[in-house]
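Numbers restart at 1 for each chain; the letters A, B, ... are given by sequence-line order, proteins then strands. As the structure is a computational prediction, the values presented were derived from the model and not from experiment.
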Protein chains: 2
Amino acid sequence: MSAKGEDSDTEKLIKDTAKKVFFKEGRFNATTQEIADAAGVNRTLINYYFRSRDNLFNLVFEDAQKKEDERIHALVFSDMPLKRKIEMFLDEFFTQAKEYPYLEIYMVTQMNQGSCYEDAEAMSRLLDKMYLEIAIEMDKGNVARMRPEQFMLNMISLTSFPVSMRPLLEQSMGFSTEQFDKLLEERKEIILNMLFIN
Amino acid sequence: MSAKGEDSDTEKLIKDTAKKVFFKEGRFNATTQEIADAAGVNRTLINYYFRSRDNLFNLVFEDAQKKEDERIHALVFSDMPLKRKIEMFLDEFFTQAKEYPYLEIYMVTQMNQGSCYEDAEAMSRLLDKMYLEIAIEMDKGNVARMRPEQFMLNMISLTSFPVSMRPLLEQSMGFSTEQFDKLLEERKEIILNMLFIN
DNA sequence: TTTTGTTTTGACAAAAATGTCAAACTAAAA
DNA sequence: TTTTAGTTTGACATTTTTGTCAAAACAAAA
């Protein structure tokens, strides 16, 4: 069969499985054999569909990055007040974190290895829009005065850190999975209260 | 020579170099050959002194973890008011982050791969002491009411995230090394203001 | 049924990385 | 100087992982 442009079943199966192995299970160093086993296919099919292991890795990575970028973009350029945007961001973020606990940390380790950000222009526009809205809220007295960059850093830190460091935190702070889920649930409110004054 | 218990020169050289390669340069997948080259020694000396690559990795990791644990412990059980402790913690943290930018993130990836925390008992006592002091500050009205665990999470998030994610943040937010250093410097004040009310 | 093009497979080759070993080297002690 | 014990080295073996290829299997079209 193989309609042009459309992934064959096995091709998609392999990609999905790789995503699962990386982002759901956190096994970033999984070998092609392990991925093939997890997908229940012959290992060489990975070469057949993706040429090389590196290729598969990059593809999965870029896919995930692109999707996240799109979601963020839609939110930032939507027609909502800043606080509401951040509220929705928190929701999305924690939801996705539950599905793919290792996605964030993977992006960072990738970045550390030299993988570089794709569309710096788009990111720059997005940040500028946020900085502007943040500045306006500061003028209104809804947000403590600081460089907007610091506000962004605060927001992303308070949100992302507990998610990416979850395994470490669960272990060192002695939480069960359920307890930590509850903790994250509570955090939405707490984070909003820390970011906004009223 | 080799007095018992004392590392030979080369042994120490290899360990130090490994630490540098991992934590200063973030090359977590460096091969034994690369480490040997960086240290300017024959590769097999790694086997001679450390049996296996895994052994060296674990040793370096546990060493760093132990040192960090000791510093934190000394701080927490010192005789200072909470705010002062946190102030010093921030200083130490950012200082070390400058020397070993990749140490934090390495700990996490290690933890993700199944490496498990050594002394759960000690950590538990340390956390309890912190929780108690935090609760007291809440009673005094110096800290917003919430579960002390959330306060801890806030503190460590605001501090650790910008450090561990530095490469990603520099790239995506478009900061130079100098700019980011300055940003971190500013953060000490900002974090304290977010954590404490007055 | 034969043909055709794609998909799948196992055997094999190649590459990359780790680990072992005996011999060479070194420097202090006898 | 000889001995001795620890250190260093290069050659080699092993292991692990990746990539190639020709042949087999498959399914739709002729």
Requested in this report: Would you please confirm or rule out a distance under 4.0 Å between OP1 or OP2 of C:dT20 and any side-chain N or O of B:Tyr48?
Outcome: no
Query - Within 6.0 Å of NZ in B:Lys85, more than 12 heavy atoms from elsewhere - result: yes
Query raised in the report: Across the strands shown, which category fits B:Phe50 at heavy-atom distances under 4.0 angstrom: base, sugar-phosphate, nothing?
Result: nothing
Query raised in the report: When the distance from CD1 of A:Ile35 to P of D:dT17 is rounded to whole Å, what number comes out?
Result: 12 Å
Report task. Take the protein atom CD1 of B:Ile46 and the nucleotide atom P of D:dT7, then report the distance between them rounded to whole Å. Result -> 16 Å
Report task. Whole angstrom is fine here: how far is it from CG in A:Asn55 over to P in D:dT18? Result -> 14 Å
Requested in this report: Run the salt-bridge test on A:Asp16 and A:Lys24 with the 4.0 Å N-O cut-off and return the result as yes or no.
Outcome: no
Could you list all N or O pairs between the protein and nucleotides 15-19 of chain C that sit under 3.5 Å apart?
residue, atom, partner, partner atom, Å
C:dT18, OP1, B:Arg53, NE, 2.5
C:dT18, OP2, B:Thr32, N, 3.0
C:dT18, OP2, B:Thr32, OG1, 2.6
C:dG19, OP2, B:Asn47, OD1, 3.4
C:dG19, OP2, B:Arg53, N, 3.0
C:dG19, N7, B:Arg43, NH1, 3.2
C:dG19, O6, B:Arg43, NH2, 2.7

Query raised in the report: Between atom CG in B:Asp9 and atom P in C:dA27, what is the gap in whole Å?
Result: 13 Å
**Report entry** Salt-bridge contact B:Lys67-B:Glu70 (side-chain N to carboxylate O under 4.0 Å)
**Finding:** no
**Report entry** Side-chain ion pair, B:Lys188 and B:Glu87, N-O less than 4.0 Å
**Finding:** no
**Report entry** Pair A:Lys129 + A:Glu133: basic N to acidic O under 4.0 Å
**Finding:** yes
Requested in this report: Can you tell me the distance, in whole Å, between the CG atom of A:Asn29 and the P atom of D:dT18?
Outcome: 10 Å
Query raised in the report: C:dC21 P sits how many Å from B:Asn42 CG, rounded?
Result: 16 Å
Query - Ring centroid separation B:Phe50 to B:Phe57 under 6.0 Å - result: no
Report summary line: To the nearest angstrom, the CG-P distance between A:Leu45 and C:dT8 comes to 5 Å
